[in-house]
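Comments concern the structure below.
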Amino acid sequence: MSETSKSLNFIEHIVEEDLRNSFPKENLRFRFPPEPNGYLHIGHASSIYLNFGLGLRYNAPVNLRFDDTNPAKEEQEFVDAIKRDVEWLGYTWDTERYASDYFQQLYDWALILIKEGKAYVDDQSSEEMATQKGTPTQAGTNSPNRNRSVKENLALFNQMKEGKFEEGTHVLRAKIDMTSSNMLMRDPIMYRVLHKAHHRTNTDWCIYPMYDWTHGESDYIEQVSHSFCTLEFAMHRELYDWFLDQVYDENKVRPRQREFARRNLSHTVVSKRKLAKLVETGVVSSWDDPRMPTISGLRRRGYTPESIYNFTDTIGIAKRDNLIDVSLLEFQIRNHLNKVAPRVMGVLDPLKVVLTNYPEGEEEWLDAENNPEDDNAGSRKVPFSRELYIEKEDFREEANKKFFRLKLGKEVRLKNGYIIKAESCTKDTDGNIIEVQCTYDPKSKSGSGTEESLRKVKGTLHWVSIKHAVEAEIRLYDRLFTDESPDTHKEKDFMDFVNPDSLQVIKGYLEPHLKEAKIGDRVQFQRLGYFCVDPDSTTEKLVFNKTVGLRDSWAKIAEK
RNA sequence: UGGCCCAUGGUGUAAUUGGCAACACUCCGGUUUUUGGUACCGUCAUUCAAGGUUCGAGUCCUUGUGGGCCAACCA
């Protein structure tokens with residue numbers, strides 16, 4: 001992860017300026033604050049990259065803080081998944097914190113606000129309070145409970161805490177300004193009653209602090225210097241500051257909130273709520289379904305931490321709305337895997353080829369280079385015999401000059417093998433080609449150095465010996481949504497754009513040594529793309545996921 | 001009708017803070033290649049508009065236009 005003379009993003013400029021204005025470097029402290037109500041997704045990768053990147057850049061601590069103030073939505077499963085994903089991405093947090101660690105402190109501070117006449121208990125219905133809130137263009141009106149005595153507020157708040165009230169009947173509100181142009185300043189709720197067990201504090205509390213009351217104070221408790229969140233929290237900054245004003249001690253670091261734009265990826269959604277819906281409705285099998293833009297989904301799909309880092313690094317951090325094309329993500333995984341993934345051969349849509357002049361029953365093991373990009377990758381042996389599979393689309397009875405593949409009367413090279421010539425083919429009753437008869441040139445063996453082996457032929461095909469091939473389940477993925485920005489249509493729900501054909505399961509035939517492939521192994525099926533072994537894979541049944549295809553300039557020519 | 005934020009190629013981000021618009025991806029064209037992969041080369045923007053300040057504006061000011069956000073006992 002190099003930091004070599006790269007231009008700074010606007011956040012880094014802010015930090016640099018603070019440093020120039022004599023903010024002590026040793027006071028720099030950051031945090032990554034997910035709510036454990038779902039799995040991390042590619043959008044979080046940018047936030048992680050930002051916060052942990054700053055930590056690395058300035059050698060400052062970065063806390064992992066779980067924003068766990070809503071027991072109705074949060075679970076230990078999500079805490080575990082988030083920790084696993086951050087670690088997998090390669091980052092190390094300073095300390096693991098929970099907003100729930102601060103419930104007592106927050107409560108004590110709330111008591112102070114009540115005593116200072118800055119907070120009050122309201123027992124109106126949510127509808128009544130909503131009405132009094134006004135609209136963005138119309139000032140709100142004061143709650144009839146706004147001027148309760150301190151004594152009464154204290155008593156009521158205590159009863160809230162003691163569980164004397166039902167959910168939805170009482171809240172604690174900050175007394176700010178019902179006429180503010182910022183809706184969030186119109187006496188925001190600090191506490192609500194929730195008779196729910198919390199995954200960490202269990203039933204210790206039945207009142208839970210709201211986000212606004214919790215977040216800034218948590219930053220303050222942890223002495224976070226720079227607190228970053230996404231743009232939709234921009235309006236919360238005023239409230240963040242107001243709450244901080246109530247407890248701030250001048251001798252301590254005062255956290256500052258700054259907002260950056262959430263990264264949107266084309267043809268998918270990046271919102272835990274929406275991703276949760278895909279899981280709940282069975283559109284995908286799980287949070288780590290390889291079609292999901294979650295970190296765990298990308299991992300299972302075959303993405304590497306390096307590729308995700310490079311992606312977040314190139315898309316950067318800024319403030320404007322964006323829709324990042326998936327090609328930027330796909331480039332990064334191709335780029336990384338090109339350098340590290342061993343090349344193998346596998347046929348996914350088989351067509352039988354018989355080499356009529358190759359002796360029956362004979363076989364030989366040919367040398368095959370593991371990775372032309374890596375001199376240390378070495379080579380392996382692949383079996384060759386009279387009956388082979390090639391891809392159906394690699395043979396045509398006749399075709400124009402642009403078709404560099406097998407056609408009747410023409411030659412191609414079999415990768416690492418021989419040059420073959422198509423002589424004839426047989427069809428079934430429906431006219432489908434089911435077998436191609438070829439002859440091979442025995443002197444053209446790859447690497448033999450003979451004159452024949454040096455002949456230039458138009459195309460090179462991958463293939464597999466039928467007798468030796470191992471079968472595997474191959475899962476092919478397409479984009480999850482047919483629309484590039486499924487959740488931005490006002491009149492349509494994002495679920496309307498789910499691609500019904502995002503998953504295709506087929507059978508593939510692979511060169512035999514792949515039988516030893518282990519879960520998580522990543523390979524390139526030559527001429528097809530990058531694949532990895534899925535966790536569903538067993539010794540009896542191999543399962544591969546297609547991570548991404550190779551760039552395919554033939555597909556573009558074929559379209560024309 | 002109020003407030004806040006944003007505007008640089010098809011996409012994303014830069015521009016030494018007022019000094020020759022750069023990088024990556026995509027697209028298109030080409031070279032190399034026993035992967036139609038990789039690698040390499042080339043083409044693609046006078047910075048939303050109109051004014052203003054200035055020797056000089058993507059950068060500062062004004063107005064306009066366009067887009068996003070703000071009224072959950074969610075975060």
Side-chain angles (χ1 to χ4, degrees), chain A residues 6-9 13 33-35 37 67-70 72-74 122 125-126 129-131 133-140 167-173 180-184 186 189-194 208 210-212 214-215 229 231-238 259 261 263 266 272-273 310-311 313-332 334-335 338-339 343 345 369 372-373 402-405 412-417 419 446-447 453-454 456-462 488 524-529 549-558:
Chain A
K6 257 196 68 192
S7 56
L8 306 181
N9 62 49
H13 279 297
E35 182 190 11
N37 65 340
D67 229 333
D68 55 347
T69 58
N70 185 358
K73 293 185 176 175
E74 296 149 7
D122 203 337
S125 69
S126 58
M129 286 192 278
T131 309
K133 200 137 196 176
T135 70
T137 54
Q138 223 175 338
E167 287 185 13
T169 59
H170 293 70
V171 292
L172 183 72
R173 293 228 255 171
S180 171
S181 59
N182 183 350
M183 298 292 291
L184 292 159
R186 324 246 262 225
I189 293 172
M190 295 172 66
Y191 278 93
R192 77 287 214 187
V193 174
L194 245 32
Y208 289 92
M210 299 288 287
Y211 166 84
D212 288 297
T214 308
H215 203 91
C229 57
L231 243 30
E232 57 270 32
F233 289 94
M235 301 302 293
H236 293 248
R237 187 146 119 196
E238 191 180 358
E259 310 84 18
R263 313 322 270 171
S266 71
K272 275 188 281 190
R273 205 202 91 232
N310 288 332
F311 172 70
D313 190 52
T314 53
I315 64 173
I317 301 289
K319 289 189 86 166
R320 55 179 133 140
D321 296 320
N322 57 82
L323 210 212
I324 295 157
D325 199 288
V326 273
S327 65
L328 298 231
L329 216 209
E330 291 176 343
F331 166 78
Q332 295 298 163
R334 282 196 194 103
N335 198 34
N338 175 50
K339 292 183 183 71
R343 272 57 170 173
M345 292 196 287
E369 199 180 8
E373 302 289 317
K402 286 188 171 174
F403 189 75
F404 301 165
R405 304 180 182 195
V412 291
R413 168 165 302 278
L414 293 179
K415 179 79 180 170
N416 306 311
I419 293 173
S446 290
S453 74
L454 268 15
K456 297 287 178 194
V457 291
K458 219 55 148 305
T460 301
L461 307 185
H462 63 277
T488 56
Q524 182 196 96
F525 288 175
Q526 281 177 114
R527 302 210 303 135
L528 296 177
L550 261 21
R551 277 187 61 218
D552 190 355
S553 43
W554 163 243
K556 285 160 196 161
I557 296 166

> Under the side-chain hydrogen bond (donor to acceptor under 3.5 Å, both in side chains) criterion, do A:Ser180 and A:Asn182 qualify, and how do the steps go?
Replying inline: CA-CA 5 Å; A:Ser180 171; A:Asn182 183 350; 5.4 Å; no
> Going by a 90° cut-off around 0, is B:U17 syn or anti?
Replying inline: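 B:U17: syn.
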Applying a 4.0 Å non-hydrogen cut-off, can you work out what [X] is touching in the nucleic acid: base, sugar-phosphate, or nothing?
X	value
A:Ala318	sugar-phosphate
A:Leu461	nothing
A:Ser327	sugar-phosphate
A:Arg186	nothing
A:Gly447	base
A:Arg413	base
A:Lys339	nothing
A:Phe403	base

>> Can you work out whether A:Arg527 or A:Arg334 has the more 5'-proximal nearest nucleotide on RNA chain B?
In response: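 Nearest-nucleotide comparison on RNA chain B picks A:Arg334.
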> What do you reckon, do A:Phe404 and the base of B:G36 stack, with centroid distance below 5.5 Å and planes below 30°?
Replying inline: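 Whether judged by distance or by angle, A:Phe404 passes, so it stacks on the base of B:G36.
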Under 4.0 angstrom between [X] side-chain N/O and [N] OP1 or OP2:
X	N	answer
A:His13	B:U59	no
A:Lys556	B:G36	no
A:Lys319	B:C6	yes

> Using purine N1 to pyrimidine N3 plus N6-O4 or O6-N4 for Watson-Crick, or N1-O2 and O6-N3 for G-U wobble, each under 3.5 Å, what pairs with B:A24?
Replying inline: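 WC or wobble partner is B:U11.
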> What closest approach, in Å, do A:Ala261 and A:Arg320 show between heavy atoms, and which atom pair accounts for it?
Replying inline: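 Looks like CB-O, 3.3 Å.
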> Can you name the side-chain hydrogen bond (donor to acceptor under 3.5 Å, both in side chains) partners of A:Thr131, sequence neighbours left out?
Replying inline: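 Once residues adjacent in sequence are excluded, A:Thr131 has no partner under the side-chain hydrogen bond (donor to acceptor under 3.5 Å, both in side chains) criterion.
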>> Using a distance-only criterion (donor-acceptor N/O pair, under 3.5 Å, no hydrogens), is the base of B:U35 paired with the side chain of A:Gln524?
In response: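 Yes, a donor-acceptor pair under 3.5 Å.
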> If the sugar-phosphate is the primed atoms plus P, OP1 and OP2 and the base is the rest, what is the B/S/- string for nucleotides 64-75 of chain B, using protein heavy atoms under 4.0 Å?
Replying inline: ----S-SB-BSB
